[in-house]
Amino acid sequence: MTLALEATVPERGLDVALDVADGETLALVGPNGAGKSSVLSLIAGTLRPSAGRITLEGRLLSTGALLVPPHDRAVTTLAQDPVLFPHLSVAQNIAFGLRAQGTPRRRAREEASWWLSEIGLGDLADRRPSQLSGGQAQRVAIARALAASPRLLLLDEPMAALDIDVAPALRELLRRVLAERTTILVTHDVLDVVTLADRVAVLEGGRLVESGPTADVLARPQQQFTARLAGVNLLTGTWDGHTVDGTLAGMMHESVAAGTRVRAAVRPAHVDLLEDDAHPSPGTMVLARQVTDLEPRGDAVRVRAGEIAADLTPQLVARQRLRPGDEVRLGIRAADVAIYPAR
Amino acid sequence: MLLPALLGALFVLLPLVAMATRVQWGSFAELITSESSLQALRLSLQTSATSALACVILGVPLALLLARTSFPGLSLLRSLVLIPLVLPPVVGGIALLYTVGRQGLLGQQLELLGIQITFSTTAVVIAQTFVALPFLVISLEGALRTAGTRYEIAAASLGARPSRVLATITLPLVLPALLSGTVLSFARALGEFGATITFAGSLQGTTRTLPLEIYLQRESDPQAAVALSFVLMIVAVLIIAVARRRVTA
């Protein structure tokens, strides 16, 4: 285990334990105020835990009594703001970490120019940060962080401040350079999670509520936050052997005793609206709900009705003249519902 | 609005013009190159430069302490540092006299070590540094606060130890403010009169700086006093020009 963290910070309501394996990228997700930034501060050494211990590659970094200073941790943070040093050239910025760690000037310069071509900015070595675009500056910040060869890289929403047209190229760069690096990535973007993260840890109210390999967590979300990230409706109930709470049937791939708490996930696109007195087709369950609100969603209209969201075609919404407050019948086919034990 | 503004500008400008009209240009060179004038000018430049250097040596750590740390009594310390700015210089001179003077707080210990400061060139430098230090500290502390700590945090996260962060990030980022603060404290030292005459006296070639020389000449040779005043005024104008260039750069 490369990073092992166990820490409490009562004044921030934080009580968390997590591990990151060697070479792994862990996505740390959660609602605003869940404590993600506090976890990064704990690891970076700018926040001292009240109790607990943080070790990196076996070296003790923090306890309630000990705090190795930030510069001596081999942990580098990259935030959404690149924070390039304005008085240094691009190449000097990239070489900064190397020089700080005692690399001779010449070698640091060579490595910086290698990184410049790696990020595709080989001809901008002598520019000042003020002469770069936002996307270029963030590329340089990535190169600067990686050139310092940290044992652990902390990425705090590295693409949040970028235009959507430069984010894809940057995400691709990160995917390439993070492959073998031990990284914690804080993000709100599911695309970052699926392209960059090996594992996902979900933080809520200062506690780790869910974690696992990315594909598993997104396929079987346990928390409403994770379900939203995965883009599914999440219902929780009791398995009676055939259905959830007698109303919802679905695909159950493991044998579960009746009376077990289970969760049911269904995509909004698979939730249908039954028009007027239409009869549901066989295998379709009907849930009666009241419309809470409507919002545009790409080429569909997302209709929220209680805890369920349905993506309907604009034509259907127009035909039915849906308004908040309307009573509706939602049809869900059993084949579209994944049911799995609650944890 | 415009009229009071013009009056204000005139209020500053008119005395300078009035003085310039009284300069006897025919004997100007002769007046400012007399033995005692040259000595005073040389002494003024030497002591002011030394004081400016002392302000940097003492003021940079003080500004860093005020801008980058927090401890009980910090705001009190910040107020104390400003005292020389508002204290009448002659009071500052008396305070220094009772600190390192023969009868002063540290005077006896210094005497035992064979060091006598009062009425020496060192005393001039101490008096000038005392009054000029706040200029550098204020200018630098403001710049440090404006620059913020984000670059320093980023540098530490890349593995730079605090001394390296200070040398390669913090100080280069506030260099313009450090330079203008140094120029301002040099200017304040150059004009120093009250604390110097109280604490260092007026010995020709040792403690009689240009402002003291002007004050003495005013009695015996008004023409020389005016000529020397004009020289100091030119220096002041040059300093303002340099300081403004640095600030706007």
Side-chain angles (χ1 to χ4, degrees), chain A residues 37 40-41 43-47 67-89 92-103 105 108 111-112 115 128-130 137-138 140-156, chain B residues 56 59-61 63-72 74 136 139-184 242-249:
Chain A
S37 296
L40 294 191
S41 302
I43 300 170
T46 52
L47 176 66
L67 190 73
V68 172
H71 69 266
D72 197 21
R73 297 189 158 219
V75 173
T76 297
T77 303
L78 174 68
Q80 52 176 286
D81 180 351
V83 201
L84 298 180
F85 306 128
H87 59 297
L88 300 180
S89 71
Q92 286 169 327
N93 263 283
I94 295 175
F96 186 88
L98 291 159
R99 293 288 295 135
Q101 292 161 37
T103 308
R105 195 179 297 272
E111 282 202 40
W115 273 106
R128 295 276 152 167
S130 57
Q138 196 63 322
V140 173
I142 290 171
R144 183 179 69 173
L146 293 175
S149 21
R151 284 164 202 246
L152 176 66
L153 184 66
L154 304 178
L155 300 177
D156 192 358
Chain B
V56 171
V60 170
L64 284 167
L65 189 74
L66 292 176
R68 286 289 185 268
T69 61
S70 81
F71 54 88
L74 176 67
L136 186 121
S139 140
L140 194 58
E141 192 206 344
L144 284 166
R145 287 187 179 281
T146 309
T149 55
R150 46 207 287 269
Y151 296 111
E152 293 163 5
I153 291 171
S157 146
L158 293 164
R161 41 184 59 257
S163 56
R164 189 175 185 92
V165 175
L166 181 68
T168 60
I169 303 295
T170 312
L171 290 181
L173 283 176
V174 296
L175 193 62
L178 179 59
L179 291 179
S180 66
T182 309
V183 169
L184 283 175
V242 170
R244 283 198 63 94
R245 270 262 296 284
R246 297 289 350 160
V247 170
T248 48

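Throughout, a chain's letter reflects where its sequence line sits, starting with A, and its residues are numbered from 1. All heavy atoms count here, side chains included; hydrogens, waters and symmetry mates do not.
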Chemist: Where on A/Ala100 is there a heavy atom nearer than 4.5 Å to chain B: the side chain, the backbone, both, or neither?
Modeler: both

Chemist: Can you confirm whether A/Arg128 is buried at CZ, in the sense that more than 12 heavy atoms of other residues, nucleotides or ligands lie under 6.0 Å from that atom?
Modeler: yes

Chemist: To the nearest 0.5 angstrom, please state how far the NE2 atom of A/His87 sits from the CG atom of B/Leu171.
Modeler: 9.5 Å

Chemist: Tell me, do A/Asp81 and B/Arg150 make a side-chain contact under 4.5 Å, heavy atoms counted?
Modeler: yes

Chemist: Go through B/Ala154, B/Ala156, B/Pro172 and name the one with the most non-hydrogen pairs under 4.5 angstrom from chain A.
Modeler: B/Ala156

Chemist: Between A/Ala44, A/Pro86, A/Pro150, A/Pro70, which residue shows the highest count of heavy-atom pairs closer than 4.5 Å to chain B?
Modeler: A/Pro86

Chemist: Locate the shortest heavy-atom distance separating A/Phe85 from B/Tyr151; write the atom from each residue and the value.
Modeler: CE2-O, 3.3 Å

Chemist: With a 4.5 angstrom heavy-atom cut-off, which part of B/Arg164 approaches chain A: side chain, backbone, both or neither?
Modeler: side chain

Chemist: For A/Val83, is it the side chain, the backbone, both or neither that has a heavy atom under 4.5 Å from a heavy atom of chain B?
Modeler: both

Chemist: First locate atom OG1 of A/Thr77, then atom CD1 of B/Ile153, and finally report the distance between them rounded to the nearest 0.5 Å.
Modeler: 9.5 Å

Chemist: Please state whether the side chain, the backbone, both or neither of A/Leu84 comes within less than 4.5 Å of a heavy atom of chain B.
Modeler: backbone

Chemist: Once rounded to the nearest 0.5 Å, what's the spacing between atom CZ of A/Phe96 and atom CD1 of B/Ile169?
Modeler: 4.0 Å

Chemist: Supply the atom-to-atom distance B/Leu158 CG to A/Ile94 CD1, rounded to the nearest 0.5 angstrom.
Modeler: 11.5 Å

Chemist: Measuring heavy-atom distances to chain B, does A/Arg144 have an atom under 4.5 Å in its side chain, in its backbone, in both, or in neither?
Modeler: both

Chemist: If you count every heavy atom of other residues, nucleotides or ligands that lies below 6.0 Å from B/Arg68 atom CZ, does the total exceed 12?
Modeler: yes

Chemist: Which pair of non-hydrogen atoms, one from A/Gln101 and one from B/Gly159, has the smallest distance, and what is that distance?
Modeler: NE2-CA, 4.3 Å

Chemist: Go through B/Ala160, B/Ser157, B/Pro162, B/Ala155 and name the one with the most non-hydrogen pairs under 4.5 angstrom from chain A.
Modeler: B/Ser157

